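In what follows, chains carry the letters A, B, and so on, assigned in the order in which the sequence lines appear, proteins first and then strands, with residues in each chain numbered from 1. Model, not experiment: these values are computed from the prediction.
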There are 2 protein chains.
Amino acid sequence: MRIGEAALAAGCQTETIRYYERAGLLPKAGRTDGNYRQYSASDIERLVFIRHARSLDMTLDEIRALLDVRDAPENNCSTVNAVIDEHIDHITERIQVLEVLRRQLQDLRGRCQQAQAAKDCGILHQLGHSEPASAPKPTQRARTRVRNERTARHVALASRASRKSR
Amino acid sequence: MRIGEAALAAGCQTETIRYYERAGLLPKAGRTDGNYRQYSASDIERLVFIRHARSLDMTLDEIRALLDVRDAPENNCSTVNAVIDEHIDHITERIQVLEVLRRQLQDLRGRCQQAQAAKDCGILHQLGHSEPASAPKPTQRARTRVRNERTARHVALASRASRKSR
DNA sequence: CTAAACCCTATAGTAGCTTTAAGGTCAAGA
DNA sequence: TCTTGACCTTAAAGCTACTATAGGGTTTAG
């Protein structure tokens with residue numbers, strides 16, 4: 001099985017597979033005479049495992065931890081539970097932060113009901129001084145997460161945009 | 001006011017302010033004889049505006065749009081409403097995706113109740129074949145967003161880690 | 001024999017910063 | 001006066017998890 005077929009089976013791009021190989025999640029693939037990568041059924045299983053974990057939004061580091069356990073079938077799997085539990089916690093926390101954000105934004109939005117001169121816009125005023133809306137200043141931790149999570153959206157938007165242009 | 005004081009006033013790092021200047025959100029700062037950047041009260045206001053918007057998780061592009069309106073006080077502010085409304089939509093969508101993810105993860109977590117041999121672990125098995133948990137495969141769009149959002153967490157963890165080592 | 005479809009490597013780009021390296025400026029204290 | 005240390009400067013690299021691009025080589029169908 002060559003890389004294109006493997007990508008199809010796993011629902012990802014060929015370049016992503018090469019990336020996983022470079023990142024050490026997949027072993028260096030065997031090669032044909034023409035230097036094409038070759039994949040066995042168990043290689044595909046490993047790749048599918050990774051993609052499933054990614055579809056649950058786990059990081060490559062978390063997946064590495066799961067793969068390590070998977071690679072040692074007699075060992076104890078308690079790490080697995082820990083990884084999943086922590087991952088659930090992260091997501092839960094993130095949902096809470098987003099809900100606070102949404103409330104703040106809705107409050108902010110309420111300050112300008114119709115199109116008017118910018119100098120009279122309640123939203124611009126509110127952003128200009130003191131705290132935005134009635135919001136308690138987000139903690140440093142929350143803020144960091146939010147800021148970075150947002151990085152996400154850019155990337156998402158960027159990739160959506162580039163998809164469009166394909 | 002020099003850059004350090006400005007950073008303190010806005011609750012960010014000095015390097016972040018330089019970054020905003022490079023990114024064109026802040027005008028090129030004036031300089032002292034010793035080539036230090038100098039900030040006026042209105043420069044600080046602009047910076048605070050940016051930071052407030054960022055604390056609401058807006059992108060620099062969205063903020064640029066708000067600043068443009070702010071810079072033309074007689075112009076119509078309807079762009080502002082549009083930016084905020086769209087931003088609220090993004091966040092709402094993201095919350096929904098995360099809630100689906102959380103349900104999937106909780107389902108997955110239920111498949112292994114105690115530490116056991118890795119080869120018997122229900123979580124590893126589930127990740128290994130077919131679809132994870134009972135989850136409908138996330139749409140391409142959702143998946144992209146999620147994957148990228150997660151990028152975020154790495155960054156968050158990274159910056160938390162580096163904070164620790166300071 | 002050639003064109004299309006596939007594969008290869010290496011490099012750069014994405015958002016919004018943060019970190020690092022290698023310095024220059026300036027005020028206070030010995 | 002000299003130096004220590006706190007502050008500032010620029011430029012470049014790093015972070016995640018890819019994706020895209022450039023510039024090639026291989027294989028296979030017609």
Cut-off 3.5 Å, no hydrogens considered: what does the side-chain donor-acceptor table look like for residues 25-34 of chain B, sequence neighbours left out?
unit_1	atom_1	unit_2	atom_2	d
R31(B)	NH1	N35(B)	O	3.0
R31(B)	NH1	N35(B)	OD1	3.2
T32(B)	OG1	G34(B)	N	3.2
T32(B)	OG1	Y36(B)	N	3.1

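Spacing between atom CD of Q38(A) and atom C1' of dT27(D) amounts to 14 Å, rounded to whole angstrom units. Rounding to whole angstrom units, CD of residue E15(A) and P of dC18(D) are separated by 12 Å. Atom OH in Y39(A) sits roughly 12 Å away from atom C1' in dC8(C) (whole-Å rounding). Counting to the nearest Å, the P atom of dC7(C) and the CG atom of D33(A) are 16 Å from each other. We find that CE of M1(A) is positioned 11 Å from P of dC7(C), with the value rounded to whole Å. With rounding to whole Å, D61(B) atom CG is found 12 Å from dT14(C) atom P. Put simply, CG on L60(A) is 12 Å from P on dT19(D), counting in whole angstrom units. Rounded to whole Å, the distance from CE on M58(B) to P on dC17(C) is 14 Å.
Closest of all the heavy-atom pairs between S55(A) and H52(A) is OG-O, 2.8 Å.
Inspection of the Y20(A) and R51(A) side chains reveals an N or O donor paired with an N or O acceptor under 3.5 Å.
Residues passing the side-chain hydrogen bond (donor to acceptor under 3.5 Å, both in side chains) test with D68(B), sequence neighbours excluded: none. R102(A) is linked by a salt bridge (Lys or Arg N to Asp or Glu O under 4.0 Å) to nothing, counting only residues two or more places apart in sequence or in another chain. The salt bridge (Lys or Arg N to Asp or Glu O under 4.0 Å) test applied to R64(A) returns D61(A), not counting sequence neighbours.
The phosphate of dA15(C) has neither OP1 nor OP2 within less than 4.0 Å of any side-chain N or O from Y19(B). Neither OP1 nor OP2 of dT26(D) sits under 4.0 Å from any side-chain N or O of R31(A). Dashed line: the shortest gap from a side-chain N or O of R22(B) to OP1 or OP2 of dT9(D) is not under 4.0 Å.
Residue pairs meeting the salt bridge (Lys or Arg N to Asp or Glu O under 4.0 Å) criterion with at least one partner in residues 6-26 of chain A, sequence neighbours excluded, are E15(A)-R18(A), E15(A)-R22(A), E21(A)-R37(A).
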Under 3.5 Å between N/O atoms: give me all the protein pairs with nucleotides 4-8 of chain D, atom names plus distance.
unit_1	atom_1	unit_2	atom_2	d
dC7(D)	O2	Y36(B)	OH	3.3
dC8(D)	OP1	G4(B)	N	2.7

